[in-house]
Amino acid sequence: MTQHELQKKTGHLQQLCHIRKVRFEGEAADQQTAYLVENGKLSFTISASLGMDMADLRYGGVNLCHITKPGWLANSADQSNFIPGGMFFTCGLKNVGPQTASEPAHGKQRFLPAENCAQFVGFERDTLQLRLYGEVREAGLFSKNLLRKRTITTEYNSGKIVIHDEIENQGYADEEIMLLYHFNTGYPLLDEGAEFIAPSRTQTARDTASAKAKEDSNLFVMDAPRDCYPEQVFYHELTADDAGNTFCALKNSKLGLALKLSFNKSELPFLTQWKSIASGDYVLGMEPGNCHVEGLEKERERGTLAVLKAGETRSYTITLDVLSGAEALNTLQAEV
């Protein structure tokens with residue numbers, strides 16, 4: 001429907017979609033600043049207090065993400081060990097794995113507040129767009145000065161969200177950077193029998209516990225919850241088209257829904273799969289990144305550590321797409 005046609009039938013665009021800036025009061029999320037986004041089909045929350053990451057995501061009222069037992073917090077007493085889950089959080093830029101002597105678990109990006117935030121709801125080329133923008137700076141005296149500029153875009157009544165990051169080295173020395181997008185799917189999208197879909201050529205277990213779990217179960221099919229079962233981590237080598245485009249997805253045939261992530265291997269060459277069937281920690285992570293999750297030294301040894309030169313900017317784009325209905329799910333399966 002064109003802008004002119006929609007304007008004839010509505011008094012305000014808020015009848016159809018909106019972005020609302022809010023501040024939470026009370027309890028664990030006290031004083032957290034966030035944006036509530038409703039595009040007609042999708043509803044989600046972007047936290048300006050926590051790196052412009054996505055706290056939750058629903059499609060037609062159905063939850064798609066996992067949130068850890070403490071909940072999505074703004075004021076954790078120990079940010080280094082606080083892992084919120086949510087639909088996704090950003091890992092980096094100096095660490096994406098376990099806590100180190102100098103870096104918190106998964107790095108600092110996930111709890112740095114965003115600045116220069118802006119929002120837009122309106123028509124562009126006769127398409128009703130919803131857009132958020134925010135900047136996250138990771139810097140220090142006599143140290144690095146890295147700026148991440150994030151734009152999140154969706155359209156009215158669409159199942160797609162585009163996350164576009166530009167990381168700029170505003171310092172005067174070259175910087176090693178690690179970047180990983182930690183997408184966390186949860187119940188009811190994630191359930192027994194749900195399928196992890198990807199054009200995966202090889203699958204490598206991170207450790208012996210993961211290797212054993214790979215023998216015990218199918219890493220492409222979700223198990224029922226098991227009490228106190230250890231987490232599993234796998235690295236996937238993905239095939240791609242001639243332009244380097246590839247994807248991964250979680251498909252729930254019973255619900256008729258799938259969550260698909262599309263990205264380019266020239267930007268994000270690695271995919272980590274995090275699988276936890278532990279009761280209460282029931283989650284499947286799909287994690288495109290420019291590195292593995294075993295630390296800086298390991299990545300240096302592999303020769304895969306990215307270096308951002310002084311003054312250089314690099315871009316990273318992930319398209320999140322919620323697919324609905326048998327035809328869309330069959331097309332997804334055929335794409336593999």
Side-chain angles (χ1 to χ4, degrees), residues 39 42 52 54 57 87-88 90-93 96 124-125 127 129-133 148-155 158-169 176-183 185 195-204 220 234-251 257-274 284-293 299 302-309 311-325 327-336:
N39 84 348
L42 296 174
M52 293 297 286
M54 189 177 292
L57 175 66
M87 190 64 256
F88 82 88
T90 308
C91 301
L93 292 167
V96 302
E124 290 183 347
R125 300 184 186 90
T127 301
Q129 300 265 353
L130 299 90
R131 187 163 58 244
L132 283 169
Y133 174 83
R148 173 168 57 84
K149 304 175 183 178
R150 172 164 291 170
T151 305
I152 299 170
T153 307
T154 186
E155 297 179 0
S158 167
K160 288 187 178 182
I161 303 169
V162 178
I163 301 113
H164 177 76
D165 281 348
E166 294 182 2
I167 299 177
E168 180 181 356
N169 183 359
E176 297 169 323
I177 62 166
M178 307 178 78
L179 178 66
L180 181 140
Y181 296 90
H182 207 298
F183 285 84
T185 59
E195 299 173 68
F196 173 64
I197 306 289
S200 178
R201 182 185 289 117
T202 63
Q203 308 87 40
T204 304
F220 291 98
F234 305 99
Y235 300 126
H236 290 260
E237 181 187 355
L238 301 183
T239 59
D241 66 16
D242 292 340
N245 298 310
T246 190
F247 72 96
C248 60
L250 179 71
K251 181 181 77 169
L257 290 175
L259 179 68
K260 179 184 178 184
L261 305 178
S262 302
F263 49 96
N264 193 284
K265 288 186 70 174
S266 66
E267 300 172 358
L268 302 166
F270 306 107
L271 177 69
T272 301
Q273 177 194 6
W274 173 47
L284 181 79
M286 301 186 291
E287 306 169 13
N290 73 348
C291 59
H292 303 82
V293 295
E299 215 61 24
R302 288 188 173 104
T304 53
L305 191 62
V307 176
L308 193 64
K309 295 183 181 300
E312 183 183 1
T313 299
R314 289 189 191 175
S315 297
Y316 305 87
T317 301
I318 295 180
T319 299
L320 184 158
D321 197 356
V322 181
L323 307 174
S324 177
E327 183 178 351
L329 268 58
N330 289 340
T331 300
L332 170 68
Q333 192 70 52
E335 191 175 351
V336 177

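The basis for the numbers below is simple: all heavy atoms, side chains too, and nothing from hydrogens, waters or symmetry mates. Numbering of residues begins at 1 and proceeds along the displayed sequence. Model, not experiment: these values are computed from the prediction.
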> At their closest point, which heavy atom of V307 faces which heavy atom of E312, and how far apart are they?
O-OE1, 4.0 Å
> Apply side chain to side chain contact (heavy atoms under 4.5 Å, CB included) to M178 and L305, showing your working.
CA-CA 7 Å; M178 307 178 78; L305 191 62; 3.7 Å; yes
> Are any side-chain N or O atoms of Y235 and backbone N or O atoms of V293, one a donor and one an acceptor, separated by less than 3.5 Å?
yes
> Side chain to side chain contact (heavy atoms under 4.5 Å, CB included) for N169 and K309? Distances and angles first, verdict last.
CA-CA 7 Å; N169 183 359; K309 295 183 181 300; 5.8 Å; no
> Using side-chain heavy atoms (C-beta onward) and a distance below 4.5 Å, is N290 in contact with R314?
no
> So do E176 and E299 actually touch side chain to side chain, heavy atoms under 4.5 Å?
no
> Tell me whether the rings of F234 and H236 are parallel (<30°), tilted (30 to 60°) or perpendicular (>60°).
perpendicular
> Where the side chain of N264 meets the backbone of T317, is there a donor-acceptor pair that is under 3.5 Å apart?
no
> Is any side-chain heavy atom of T272 less than 4.5 Å from a side-chain heavy atom of V96?
no
> Between the side chains of T202 and E237, does any donor sit under 3.5 Å from an acceptor?
yes
> Can you tell me if K160 has over 12 outside heavy atoms packed within less than 6.0 Å of its NZ?
no
> To the nearest 0.5 Å, what is the distance between CD1 on I163 and CD1 on I318?
6.0 Å
> Hey, mind stepping through Y181 and Y316 against side chain to side chain contact (heavy atoms under 4.5 Å, CB included) and telling me if it holds?
CA-CA 10 Å; Y181 296 90; Y316 305 87; 3.5 Å; yes
> Counting C-beta onward and ignoring hydrogens, is there a side-chain heavy-atom pair between F220 and S200 closer than 4.5 Å?
yes
> As an exercise, state the distance from CG of L320 to CZ of F183, rounded to the nearest 0.5 Å.
5.5 Å
> Apply side chain to side chain contact (heavy atoms under 4.5 Å, CB included) to the pair E195 and Q333, showing each step before the final yes or no.
CA-CA 10 Å; E195 299 173 68; Q333 192 70 52; 4.2 Å; yes
> Of all the heavy-atom pairs spanning L308 and I167, show the shortest one and how long it is.
CD2-O, 3.7 Å
> So, taking the atom named CG in L271 and the one named CG in L261, what distance separates them when rounded to the nearest 0.5 Å?
8.5 Å
> Do you know the tightest heavy-atom contact between L179 and C291?
N-SG, 4.0 Å
> Is there a side-chain contact between T151 and K149 (heavy atoms, below 4.5 Å)?
no
> Out of curiosity, F247 CZ to M286 CE, how far, rounded to the nearest 0.5 Å?
11.0 Å
> To the closest 0.5 Å, what do you measure between OG (S315) and CD (E267)?
7.0 Å
> Taking side chain as C-beta onward, heavy atoms only, is R148 less than 4.5 Å from T90?
yes
> Provide the closest heavy-atom pair for E335 versus K260 in the form atom of the first, atom of the second, distance.
OE1-NZ, 2.8 Å
> Take D321 and T319 through the test side chain to side chain donor-acceptor pair (under 3.5 Å) and record every step on the way to the result.
CA-CA 6 Å; D321 197 356; T319 299; over 6 Å; no
> Closest heavy-atom contact between A198 and V336?
O-CG1, 3.7 Å
> Quick check against the 3.5 Å criterion: does T153 have a side-chain atom that pairs as donor or acceptor with the backbone of V162?
no
> Can you measure from OG1 (T239) to CG (N245) and round to the nearest 0.5 angstrom?
11.5 Å
> Which heavy-atom pair separates E155 from N39 by the least distance, and what is that distance?
O-ND2, 3.0 Å
> Return the orientation label for the F270 and H292 ring planes: parallel under 30°, perpendicular over 60°, tilted otherwise.
tilted
> Is it true that a side-chain atom of K265 and a backbone atom of L238 form a donor plus acceptor pair closer than 3.5 Å?
yes
